[in-house]
Amino acid sequence: MADGPLGRATSLVDVLNRAGILDPRRVPALSLALARWGPTVAAPYTASAISHPTRAAVIDDDGDVSFFRLDRDSTATAMGLHRRGLRRGDDLGVACRNHREFVEVTIAAAKAGLGVVYLNTSFGAPQLNEVLARESVAGLVVDSELLGLVDVDAFAGPIVVTDLAATPTVGPSDLPVRTVALGDVRDHGPLRLPLRPSLPVPPILLTSGTTGTPKGARRSTSGVDTTAAAGLFSRIPYRHDDVVAITSPLFHAWGLAQLGLAAALGCTASVSRRFDAEDTLRRVETDGATVLAVVPAILQRLLASPRLADSDLSAVRIVASSGSALPVPVVEEWHERVAVNLYNLYGSTEVGQASLATPAELADEPATAGRVLDGSVVAILDESGAEVPPGESGRIFVGNASQFDHYTGGGGKEIVDGLMSSGDVGHLRDDGLLFVTGRADDMIVSGGENVFPQEVEDLLLAHPEIDDAAVVGVDDESLGQRLVAHVVLSEGSSLTGEQVRRHVSASLARHKTPRDVYVVDELPRTATGKLRRRDLAS
């Protein structure tokens, strides 16, 4: 963007105008909505309900729901939550899969002045109840199929059950004592909410938990961060008439960010309770999706799907990926087989968004994390905290307005001169492109040599008979650690471990060649597609 306050303001107006946010029909509606609900995620939904009430706000497994209905239902739900004893400033736990009622409750919480603790739907009962207690959750909204995980007797607050359609054997009359269906909450609220705009209550997002128990990360902003959104809009050509297919969980930072961007634009979000590659490809076609939001593991599964060859994805202008490292072979295969439409965002729950690689940048440099986004700062520092020269590897530190404040249990990330550690290692080139070598915690020291798994994994994934791969370090008496590869073979492959080792040794140094290779049916991943390396190294 242009330098100086006036230049930056002009550039921001241009960006928002191109995206359609400043549409003459929408600006007055947004002004009214902001006056009613304050600068929360509720405001853009209400604005859309005013400016284009019949447009689909959400398409899910059960059909579509309009902006008008979603706005009306979320207001009723907000009123019902107050009636159930929740008060402004309380935190509401949400354990829901991707469907319209997740969106309704998120909007309702903003209208009611509640914070939200987004809970991982893949939690087991011990994890779920531990987080509920640790985060002092005052009320819980939970899908009917997950209700059995909740210790109803131990949880003191109201429990609201959603998505009864997904559990046909359970109706409102079948729910345990002290629980209530969302429909009943919606239908039995007071006549109206107080005419007082809500102040943004920062949500709590849980970390991925790949290195231990998930931590609660209290974000510094609520709703849509306009600086962060403008940075993305300036690099990714989102439009107000897009249909955004969100395949990653909405409880995850990337899925929630895509929902927020769709809300800001007034476009349609397409979601499904569970990810299935074949169903996703079908839905992209039938829903007319123009934006596909993914994590790298989902891209891999789409590429492995036999249905991909027969799918018409020509309407998809944008494939937006984030959440973990994007393997080079995946970039190259997507560009070759589908289209050069892949955008890769680098960031995390803690540091927010840092950089973005455009399709053109990925076509030239498939390994890049792109250029630093407007509103963010990235620096590469050595162990003493000093900045290293361009091209030299070091620790990646990020600064912006959307990073988290602290972990709810105490503590935070390392801060140097106002910049926060991402936990990754990488380098910045003279031309401004960022390259991420890998997680500092994942580095393997084998025979005195440093090895980052990502380089070896990218090479393995480039093999035509390997669908997925993970490399970890295990204890070794002579080497300190030795490399072990876990690979998922393509259907019908008879590739042997020795052939895998030879494939690596033909391209990489000896200390980067796995000593052991295990063929497995699947790799342990979180709900957001991140590898659980600890499960492989144990």
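Note that these values count all heavy atoms, side chains included, but never hydrogens, waters or copies made by symmetry.
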_Expected output: side-chain N98 to main-chain S248 donor-acceptor under 3.5 Å_ = yes

*Are any non-hydrogen side-chain atoms of L232 and L345 less than 4.5 angstrom apart?*
yes

*Between L342 and L362, which heavy-atom pair has the shortest distance, and what is it?*
O-CD1, 3.3 Å

*Quick check: does any side chain N or O of D431 sit under 3.5 Å from a backbone N or O of L433, one acting as donor and the other as acceptor?*
yes

*To the nearest 0.5 angstrom, please state how far the CG atom of L373 sits from the CD atom of Q353.*
5.0 Å

*CG on L303 to CD on Q300, rounded to 0.5 Å*: 8.0 Å

_Can you pull out every side-chain hydrogen bond (donor to acceptor under 3.5 Å, both in side chains) where at least one residue sits in residues 250-259? Sequence neighbours excluded, please._
Y238-Q258

*So does D64 pair up with R69, basic N to acidic O under 4.0 Å?*
no

*Any chance you could measure E285, atom CD, to T280, atom OG1, to the nearest 0.5 Å?*
11.5 Å

*asked:* So, taking the atom named CG in L302 and the one named CH2 in W334, what distance separates them when rounded to the nearest 0.5 Å?
replied: 5.5 Å

*Which residue pairs pass the salt bridge (charged side-chain N to carboxylate O under 4.0 Å, His left out) test with at least one member in residues 313-338, sequence neighbours excluded?*
D242-R317, E333-R337

_Electrostatic pair D279:R282 at N-O distance under 4.0 angstrom_ = yes

*With a 3.5 Å cut-off and no angle check, do the side chains of T368 and E361 form a donor-acceptor pair?*
no

*Taking all heavy atoms of P44 and all of A263, pick out the closest pair and write down the distance.*
CB-O, 3.2 Å

*So how far is it from S74 OG to R100 CZ, rounded to the nearest 0.5 Å?*
13.5 Å

*Do you know the tightest heavy-atom contact between G432 and R371?*
O-CG, 3.7 Å

*Check the pair R283 / D61 against side-chain contact (heavy atoms from CB on, under 4.5 Å), numbers first and verdict last.*
CA-CA 10 Å; R283 285 279 298 271; D61 298 329; 3.0 Å; yes

*Answer whether the closest heavy-atom distance between the side chains of M420 and V398 falls below 4.5 Å.*
no

*If you look at every heavy atom in L281 and S311, which pair is closest and at what distance?*
CB-OG, 3.6 Å

_Evaluate V58 against V271 for side-chain contact (heavy atoms from CB on, under 4.5 Å), listing each step before the verdict._
CA-CA 7 Å; V58 178; V271 297; 4.1 Å; yes

*Can you see which heavy atom on L146 is nearest to which on R97, and at what distance?*
CD2-NH2, 3.8 Å

_Filter on side-chain hydrogen bond (donor to acceptor under 3.5 Å, both in side chains), then keep only pairs touching residues 42-51, sequence neighbours left out; what's left?_
R26-S48, W37-T46, T46-D71

_Whether the side chain of S422 engages the backbone of I396 through a donor-acceptor N/O pair (distance < 3.5 Å, no angle test) should be reported._
yes

*To the nearest 0.5 Å, how far apart are CD1 in I246 and CG in D60?*
12.0 Å

*Between H52 and G266, is there a donor-acceptor pair closer than 3.5 Å when you use the side chain of the first and the backbone of the second?*
yes

_Go through it in stages, so that I can follow the logic: the residues are V338 and L308, the test is side-chain contact (heavy atoms from CB on, under 4.5 Å), and I'd like the CA-CA distance, side-chain angles, deciding distance and then a yes or no._
CA-CA 9 Å; V338 183; L308 179 63; 4.2 Å; yes

*Please report the C-alpha distance between I236 and L261 in whole Å, then the side-chain angles of each, then the deciding distance to 0.1 Å, and finally whether the side-chain contact (heavy atoms from CB on, under 4.5 Å) criterion is met.*
CA-CA 11 Å; I236 307 179; L261 291 170; over 6 Å; no

*For S66, does its backbone N or O pair with a side-chain atom of R55 as donor and acceptor, under 3.5 Å?*
no

*Is a side-chain donor or acceptor of S305 paired with a backbone partner of R307 at a separation under 3.5 angstrom?*
yes

*For S314, does its backbone N or O pair with a side-chain atom of D312 as donor and acceptor, under 3.5 Å?*
yes

*Would you say R525's side chain and A297's backbone share a donor-acceptor pair under 3.5 angstrom?*
no

*Search all heavy atoms of S421 against all heavy atoms of V351 and return the closest pair with its distance.*
O-CG1, 3.6 Å

*Between the main-chain N or O of A293 and the side-chain N or O of T247, is there a donor-acceptor pair closer than 3.5 Å?*
yes

*Is it true that D163 and R273 have a side-chain N and a carboxylate O under 4.0 angstrom from each other?*
yes

